[in-house]
J.: 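Sharing a structure below in structure tokens format, with a few things to ask.
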Amino acid sequence: MTGMLASSKAGHDKKTVYVIIKEETEYVYLADGRLKTLEKPKKKNKKHIQIIKKYPEPEFPERVKAGQTDDAEIRRVLEQYRKSITK
């Protein structure tokens with residue numbers, strides 16, 4: 001699941017799209033590159049997210065798993081995703 005895009009289903013951030021940067025048994029850690037960075041990700045219950053199976057860049061999840069990404073790249077990927085769904 002690490003490296004996938006996810007949308008929040010519950011909470012004050014409902015419908016916000018994030019990148020999953022870490023996974024635990026019941027929780028995932030999410031980043032958007034702006035408010036929630038790689039250094040301070042958002043901890044969210046897995047029940048409260050919806051996985052997005054569409055990727056702007058197919059190799060992106062592997063880079064996240066390997067720790068080879070930064071906040072600027074996360075912002076860029078999320079922006080590409082937003083543009084792809086508004087077409």
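Just so it is clear, the values below take in all heavy atoms, side chains as well, and ignore hydrogens, waters and symmetry mates. If you're wondering where the values come from, they're calculated on a predicted model, not measured in any experiment.
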J.: Rounded to the nearest 0.5 Å, how far does NZ of Lys9 lie from OG1 of Thr16?
T.: 14.5 Å
J.: Counting only N and O atoms by type, is there a donor-acceptor contact under 3.5 Å from the side chain of Asp70 to the main-chain atoms of Glu73?
T.: yes
J.: Testing the basics here: between Gly11 and Lys44, what is the closest heavy-atom pair and its distance to 0.1 Å?
T.: CA-NZ, 4.5 Å
J.: How many angstroms lie between atom CD1 of Ile49 and atom OG of Ser7, to the nearest 0.5 angstrom?
T.: 9.5 Å
J.: Taking side chain to side chain contact (heavy atoms under 4.5 Å, CB included) as the test, write out the residues that go with Lys36, two or more places apart.
T.: Tyr18, Asp32, Lys42
J.: Do Val19 and Ile85 belong together in a cluster built from hydrophobic side chains that touch within less than 4.5 Å?
T.: yes
J.: Answer whether the closest heavy-atom distance between the side chains of Leu35 and Lys40 falls below 4.5 Å.
T.: no
J.: Report yes if some heavy atom in the side chain of Pro41 is under 4.5 Å from a heavy atom in the side chain of Leu30; otherwise report no.
T.: no
J.: Does this structure show an ion pair linking Arg82 with Glu79, if we count only N-O contacts that are shorter than 4.0 Å?
T.: yes
J.: Give a yes or no on whether a salt bridge exists between Arg76 and Glu57, defined as a side-chain N under 4.0 angstrom from a carboxylate O.
T.: yes
J.: What is the distance from atom OH of Tyr27 to atom NE2 of His48, rounded to the nearest 0.5 Å?
T.: 9.0 Å
J.: State, with a plain yes or no, whether a side-chain heavy atom of Thr37 is found less than 4.5 Å away from one of Ile74.
T.: no
J.: Kindly say whether Gly33 contributes a backbone atom to a donor-acceptor pair with the side chain of Arg75 at under 3.5 angstrom?
T.: yes
J.: Assess whether a salt bridge exists between Lys46 and Glu24, defined as any Lys/Arg side-chain N lying under 4.0 Å from an Asp/Glu carboxylate O.
T.: no
J.: Can you find a pair of side-chain heavy atoms, one from Pro61 and one from Thr2, that are under 4.5 Å apart?
T.: no
J.: For the residue pair Lys43 and Tyr29, would you count it as a cation-pi contact if the rule is NZ or CZ under 6.0 angstrom from the ring centre and within 45 degrees of the ring axis?
T.: no
J.: Of the options Val77, Thr69, Ile20, which is the one that meets Val64 in a side-chain contact (heavy atoms from CB on, under 4.5 Å)?
T.: Thr69
J.: Taking side chain as C-beta onward, heavy atoms only, is Ile51 less than 4.5 Å from Met1?
T.: yes
